[in-house]
Amino acid sequence: MTSADDFIIQLIQDKKLVSAGALQSAKAELQSAQTPPEELDTKTIDLLVERKYTTYEDIIKALSEEFSMPVIDLSDLRIDDDIKKMIPKEEAEKYGVMPIAVVDGQLIVAISDPLDLNAADDIGHLAGLPVDTRLATPAAIKKAIDEHYGVSSYGGMFDGLDADAPGSGVKLSGLATGNEEGISAEEAPIIRYVHKLITEAVRRRASDIHLEPLEKRFRVRYRIDGVLIEVENPPKRLQPSIISRLKLMANISIAEKRIPQDGRIQIAYEKKDIDLRVSSLPTVYGESIVMRILDKEGLRLGLPELGFFSDDQAVFERIVSMPDGIFLVTGPTGSGKSTTLYSAINYLNHPDTKIITVEDPVEYQMSGVNQVQVKREVGMTFAAALRSMLRRAPNIIMVGEISDLETADIAINASLTGHMVFSTLHTNDAAGAVTRLVDIGVKPFLVSASLRAVLAQRLVRKNCTACKEHYMPDTKVLQALGINEIDAAGMDFQHGAGCPKCNGIGYKGRMGLFEMFVVNEELQQMVYEGRTLVELRQKARDLGMRTMREDGVRKVSSGLTTPDEVLKVTMNESD
């Protein structure tokens, strides 16, 4: 871990962080594996942490007490570009430090090794300022460097690599890779760069690729598990060529740079079909490109993989299997509403059931489902498509979104004439869907007669299963979640320590937090009477509805996610 690991081993013994037996066992195991003597101390510490005898956090705390050096939390930093220019990324990675800020003429730097005096001296010389050090774990420093400088340390992602090289597992259907005849020497590097950009995003499970022209640089970011992470940026001078290449692949006009455009790219990755929905937008410094990565494997996710516990899953399956009515999924953009509805349709997609969807856009193409793309420029709106769909005797109808009275009226009429209708709505909670429909202009008696249930949801990151470990959250965090000390004692709190499988982040994948508002006779009567949102919500709570915050607490207590993730996306009842 540090330049003087023998000192750390002695320190953690003195602090009683590990027993003498655990230390002897770790050393014996490594010696039997013929570990070189110069690596023995370092690997002993790593093995003790891996076997959960101690943690890097505990070691850093012990070093903090020994050297009277404060520990710093790097998880929520905001670092100016001027600070990063003082210490280039290569030097930050070389010395294992993260520059933070300049305060009173001193450069504040996070380090993991207080014994490495040369590193502090070299960093101070490079910045031209005296250095004031703080302590953080090696994983936290690496994560901060990746987030704030960009992840070029993943092995030179774009160094002329061929996307279709053996072992890459990726073929970009029908597209040149940069090695074909007829492609000029100038074009080939751009083509390889773009292919590697896409394949690396797919490999790292990114949901979006953002290419953003700024004044002096061309920024590239991946959205992984809902968090934007900057990767190695290409030179600004290559911006026009990269944008043109992507537009060509997406079959959108290269000549048109004044208006937004949309297109698609299809790829095959490890025998899976993946679509990229490409959107270009003119900005002050050039065209910005966003590519949404649509993995069709997500359609086959079971309800437990979405985040449903068995009791919620049983309610969900019962609601979506009803013969008629409306089932709504609510939440902000990016909360997984479409994935939940697609999973419901996949659950109900049988040869004896006719399903028609109207979407804008059609994100996933599903076998056995009639899917209609909205085209407003030719009059194919949600309402127009719905009218036509009803003449085709479907059992189940999915409407991408209800956002106006005309669409809402037709959807409700469809539900009252023997169809099951699925749709989405933008509200903060489940009960809010009722008042939203009334605000649009739907009569309360129609809402009460047609609405079967509303599912509100948010997405949180899941703990990495390869490196998650037990811990006890801060008391303030537990109080924010409404967890008292007695309840906390019986809960299994876990968080990810950071490992190669999760790129040192501690999270891998996402899951839903859910709030199911099921409309029974009592609630139907209240909706008919025009009761307030507060009254509807309180009645649903009295009838057993669990809020998203409460569902989050269940998942925290099961070790599936962390309290911080739940607090970020949910509201307290008193908020």
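- Listed for the D324 side chain is no donor-acceptor partner under 3.5 Å among the backbone atoms of L416.
- The existence of a salt bridge linking D208 and R221 is excluded, since no basic side-chain nitrogen approaches an acidic carboxylate oxygen closer than 4.0 Å.
- Salt-bridge check for R554 with D551: passed, with a basic side-chain N closer than 4.0 Å to an acidic carboxylate O.
- With hydrogens and angles ignored, the 3.5 Å screen pairs no side-chain donor or acceptor of T407 with any backbone N or O of S403.
- Considering OG1 of T561 and NZ of K468, their distance stands at 10.0 Å, rounded to 0.5 Å.
- Once rounded to the nearest 0.5 Å, the distance linking CD1 of I355 with CE of M398 reads 10.0 Å.
- In this structure, the side chain of S415 engages the main chain of I412 through a donor-acceptor pair within 3.5 Å.
- Heavy atoms of other residues, nucleotides or ligands lying less than 6.0 angstrom from CE of M380 number 12 at most.
- Using a 4.5 Å heavy-atom cutoff, the side chains of R546 and D311 are in contact.
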Between R510 and E565, is the salt bridge (charged side-chain N to carboxylate O under 4.0 Å, His left out) condition met? List the steps.
CA-CA 10 Å; R510 288 192 290 176; E565 283 293 297; over 6 Å; no
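- Among I397, V421, L386, the single residue meeting the side chain to side chain contact (heavy atoms under 4.5 Å, CB included) criterion with I410 is L386.
- When every heavy atom of I345 is checked against every heavy atom of M366, the shortest pair comes out as CG2-CE, 3.9 Å.
- Smallest separation of non-hydrogen atoms from I293 and A201: CD1-CB, 3.9 Å.
- Using a 30° and 60° split on the angle between ring planes, Y471 and F493 fall in the perpendicular class, above 60°.
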Passes side chain to side chain contact (heavy atoms under 4.5 Å, CB included), Q373 versus K375? Steps please.
CA-CA 6 Å; Q373 170 71 55; K375 294 181 180 178; 4.2 Å; yes
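- The closest side-chain donor-acceptor pair between T340 and Q457 falls under 3.5 angstrom.
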Side chain to side chain contact (heavy atoms under 4.5 Å, CB included) between Y53 and D58, intermediate numbers included:
CA-CA 10 Å; Y53 290 116; D58 288 340; over 6 Å; no
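- You'll find the side chain of E522 stays beyond 4.5 Å of the side chain of Q525, heavy atoms only.
- Atom NZ of K443 has 12 or fewer neighbouring heavy atoms from other residues, nucleotides or ligands inside a 6.0 Å radius.
- N463 places a side-chain N or O within 3.5 Å of a backbone atom of G559 that can act as its donor or acceptor partner.
- Side-chain atoms of T532 and E535 include a donor-acceptor pair closer than 3.5 Å.
- Annotation for Y528: atom OH does not count as buried by contact number, only 12 or fewer foreign heavy atoms lying within 6.0 Å.
- Residues L536 and R531 approach most closely at CD1-O, 4.1 Å, considering heavy atoms.
- A salt bridge is absent between D225 and K462: the closest approach of a Lys/Arg side-chain nitrogen to an acidic carboxylate oxygen does not fall below 4.0 angstrom.
- Using a cutoff of 4.0 Å between basic side-chain nitrogens and carboxylate oxygens, E515 and R537 are scored as salt-bridged.
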Apply side chain to side chain contact (heavy atoms under 4.5 Å, CB included) to residues R461 and I505 and explain how you reach the verdict.
CA-CA 11 Å; R461 292 182 291 176; I505 295 172; 3.8 Å; yes
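- Using a distance-only test at 3.5 Å, with no hydrogens or angles considered, a donor-acceptor pair links the side chain of S207 to the main chain of R223.
- Remark: the backbone N or O of G400 is paired with a side-chain donor or acceptor of T424 at under 3.5 angstrom.
- Between V569 and L459 there is no side-chain heavy-atom pair separated by less than 4.5 Å.
- Contact check for K143 versus L74: no side-chain heavy atoms found under the 4.5 Å cut-off.
- Interatomic distance, OG of S321 versus CD1 of I319, reported as 9.5 Å (0.5 Å rounding).
- Atom CG of residue L513 and atom CE of residue M511 lie 7.0 Å apart, to the nearest 0.5 angstrom.
- A donor-acceptor distance shorter than 3.5 angstrom exists from the side chain of H419 to the backbone of A414, with no hydrogens or angles considered.
- In this structure, E550 contributes its side chain and T547 its backbone to a donor-acceptor pair below 3.5 Å.
- Residues R277 and V290 are not in side-chain contact: their nearest non-hydrogen atoms beyond the backbone lie 4.5 Å or more apart.
- Taking the six-membered ring where tryptophan is involved, the planes of F422 and F327 are perpendicular, since the angle between them exceeds 60° and thus also 30°.
- Residue-environment remark: NZ (K354) exceeds the threshold of 12 foreign heavy atoms within 6.0 Å.
- Taken to the nearest 0.5 Å, the CD1 atom of I289 stands 9.0 Å off from the CG atom of L281.
- Looking at R204 and V231, their side chains come closer than 4.5 Å, going by heavy atoms from C-beta outward.
- Across all their heavy atoms, Q494 and H470 have their closest contact at NE2-CE1, 3.7 Å.
- The side-chain heavy atoms of V553 and M491, taken from C-beta on, include a pair separated by under 4.5 Å.
- In plain terms, the two heavy atoms of I209 and L211 that are nearest each other are CG2-CD1, 3.9 Å.
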For V372 and F382, run side chain to side chain contact (heavy atoms under 4.5 Å, CB included): C-alpha distance rounded to whole Å, both residues' side-chain angles, the deciding distance at 0.1 Å, then the answer.
CA-CA 9 Å; V372 179; F382 279 114; over 6 Å; no
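- Not a single donor-acceptor pair under 3.5 Å links the side chain of E212 to the backbone N or O of S288.
- Considering NE2 of H350 and CG of N395, their distance stands at 11.0 Å, rounded to 0.5 Å.
- In this structure, L533 and V434 have side chains that are not in contact, with every pair of non-hydrogen atoms separated by 4.5 Å or more.
- Using a distance-only test at 3.5 Å, with no hydrogens or angles considered, no donor-acceptor pair links the side chain of T353 to the main chain of N349.
- Shortest non-hydrogen contact noted between I326 and M420 is C-CE, 4.4 Å.
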